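These notes are about the structure you will find just below.
Please read all numbers here as calculations on a predicted model, not as lab measurements. What's counted below: heavy atoms across the whole structure, side chains too, no hydrogens, waters or symmetry copies.
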Amino acid sequence: MKKVYFYLTVFLLLTLFFLYGAVFYGNSAKLPSGSSLEAPSGAHLLGTDNLGIDIYAQISAGFFRSMAIGLGTAGLTFLLGGGLGVTAGYMGGKVDDIVSFLINVLLSIPQLPVMIVMGAFFGQSTWNIVWIIAAFSWAPIAKQLRAKTISLRNTPYIRLAKSYGGGTWYIVRCHMLRELLPLLTVNAIGVVGASIVQESSMAFLGLSDPLAKSWGLMIARAKGFPGIFFTEFWKWWLLSPVLSLVCSTLCLRLLAKAMEQVWLKEA
């Protein structure tokens with residue numbers, strides 16, 4: 001449990017760091033506030049890009065955009081993956097066959113190439129990104145929830161509840177949910193981190209909203225600057241969004257892993 005609190009604290013500190021940059025910091029994330037490619041200083045904590053826009057303000061705005069997309073995707077996969085997984089595992093029969101077929105199809109499709117095609121087809125919209133990522137994120141969760149539900153369905157206390165006339169919703173809500181919710185929560189946290197990486201990948205390829213502040217878009221613009229690796233500019237322009245992306249996703253992944261270990265000990 002100590003690891004869970006530690007990673008929660010680290011993530012909270014990251015959030016406060018970016019919250020200051022997005023709300024209380026004096027420089028704008030959209031408008032120039034200095035000269036082109038200024039080095040980090042008191043006026044610009046992480047320097048400026050080639051347009052003179054403050055990088056700290058940009059990565060702070062990118063954090064909350066990434067988290068909004070990650071939480072939106074996690075919410076959809078929580079409902080869709082959890083609902084279909086529990087339904088398939090509890091109902092069995094043809095319902096289970098259909099859901100299992102959909103899960104296996106989605107798990108066999110290479111995600112990134114299809115997401116690139118879908119992103120190019122549906123357009124550069126934040127909501128489109130959320131729906132596209134969610135469409136490929138629910139299957140692993142549904143597969144795990146289905147297997148767990150099948151194991152719970154055959155336990156003596158569930159069969160006893162059925163014999164006393166317990167309905168489907170009553171049994172799931174009162175007897176299964178406390179066993180399924182930790183697994184679903186851990187997977188949802190993992191989806192947040194994976195969604196941040198996927199959104200950044202699509203933004204890097206130019207398939208996200210070009211007007212929104214995204215870490216992937218910042219990395220693409222910095223990398224596309226002529227001769228950036230022959231200058232000192234990459235140390236603050238390119239490294240800042242890369243480290244923000246790595247630290248945020250790593251913290252979420254370690255938090256999900258720590259929560260999973262706690263859940264396995266208590267199970």
[X] and [Y]: which non-hydrogen atoms are nearest, and at how many Å?
X      : Y      : result
Tyr5   : Thr9   : O-OG1, 2.7 Å
Val192 : Ala74  : CG2-CB, 3.6 Å
Ala29  : Ala57  : CB-O, 3.5 Å
Ile141 : Gly82  : CG2-N, 4.3 Å
Ser60  : Ala22  : CB-N, 3.6 Å
Val10  : Cys251 : CG1-SG, 4.0 Å

Review item, side-chain donor-acceptor pairs of residues 180-191, under 3.5 Å, at least two apart:
from, atom 1, to, atom 2, distance (Å)
Thr185, OG1, Leu181, O, 2.8
Asn187, OD1, Gln144, NE2, 3.1
Asn187, ND2, Gln144, OE1, 3.4
Asn187, ND2, Leu183, O, 2.7

Would you say [X]'s side chain and [Y]'s backbone share a donor-acceptor pair under 3.5 angstrom?
X      : Y      : result
Trp138 : Leu76  : no
Arg153 : Ile158 : no
Thr149 : Gly89  : no

Measuring from atom [atom1] of [X] to atom [atom2] of [Y], what distance do you get when rounded to the nearest 0.5 angstrom?
X      : Y      : atom1 : atom2 : answer
Glu179 : Leu145 : CD    : CG    : 12.0 Å
Met218 : Ser200 : CE    : OG    : 11.0 Å
Leu14  : Leu252 : CG    : CG    : 9.0 Å
Ile219 : Ser214 : CD1   : OG    : 8.0 Å
Leu31  : Asp54  : CG    : CG    : 11.5 Å
Leu152 : Ile171 : CG    : CD1   : 11.5 Å

Counterpart residues, side chain to side chain donor-acceptor pair (under 3.5 Å), relative to Tyr7 (two or more places apart):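 Here no residue qualifies.
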Please enumerate all residues that pass side chain to side chain donor-acceptor pair (under 3.5 Å) together with Ser100, with sequence neighbours excluded.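 Only Asp96, Arg146 meet the side chain to side chain donor-acceptor pair (under 3.5 Å) criterion with Ser100.
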In the hydrophobic clustering that connects Ile, Leu, Val, Met, Phe, Trp and Tyr at side-chain heavy-atom distances below 4.5 Å, which members other than Leu51 occupy its cluster, ordered by chain and number?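 Listed partners: Ile53.
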Verify the cluster assignment for [X] and [Y]: are they in a single hydrophobic cluster under the rule of side-chain heavy atoms below 4.5 Å apart?
X      : Y      : result
Leu71  : Ile196 : yes
Leu217 : Phe204 : no
Leu177 : Met91  : no

Can you tell me how the ring of Phe63 sits relative to the ring of Phe11, calling it parallel under 30°, perpendicular over 60° and tilted otherwise?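 The arrangement is tilted - the two ring planes meet at 30° to 60°.
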Can you find a heavy atom in the side chain of Gln261 that is under 4.5 Å from one in the side chain of Lys257?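 Yes - at least one pair of side-chain heavy atoms lies under 4.5 Å apart.
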Find out whether Leu255 and Leu8 are in side-chain contact, i.e. whether some heavy atom of one side chain is under 4.5 Å from a heavy atom of the other.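 Heavy-atom side-chain distance check passes, below 4.5 Å.
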Mind checking what makes side-chain contact (heavy atoms from CB on, under 4.5 Å) contact with Val105, not counting sequence neighbours?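 Per chain and number, Val105 pairs via side-chain contact (heavy atoms from CB on, under 4.5 Å) with Phe101, Ile109.
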Pairwise salt bridge (Lys or Arg N to Asp or Glu O under 4.0 Å) hits with a residue in [range], at least two apart:
range            : result
residues 228-250 : Glu232-Lys235
residues 189-202 : Arg65-Glu199
residues 123-133 : none

Enumerate the residue pairs fulfilling side-chain hydrogen bond (donor to acceptor under 3.5 Å, both in side chains) with a member in residues 73-95, sequence neighbours excluded, ordered by first and then second residue.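 Not a single pair qualifies under side-chain hydrogen bond (donor to acceptor under 3.5 Å, both in side chains).
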Quick one: side chains of residues 236-247, donor-acceptor pairs under 3.5 Å with protein atoms, not counting sequence neighbours, listed by atom name and distance.
from, atom 1, to, atom 2, distance (Å)
Trp236, NE1, Glu38, O, 3.2
Trp236, NE1, Thr48, O, 3.2
Ser240, OG, Trp236, O, 2.7
Ser244, OG, Ser240, O, 2.8

Listed partners of Tyr56 passing ring pair (Phe, Tyr, Trp, His ring centres under 6.0 Å), at least two apart: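 In terms of ring pair (Phe, Tyr, Trp, His ring centres under 6.0 Å), with neighbours along the sequence ignored, Tyr56 is linked to Phe17, Tyr25.
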Crowding at CZ, Phe229 (>12 non-hydrogen neighbours, <6.0 Å):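 Counting other residues, nucleotides and ligands, CZ of Phe229 exceeds 12 neighbours.
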Donor-acceptor contacts, no H, no angles, side chain residues 128-135, under 3.5 Å, sequence neighbours left out:
from, atom 1, to, atom 2, distance (Å)
Asn128, ND2, Phe122, O, 2.8

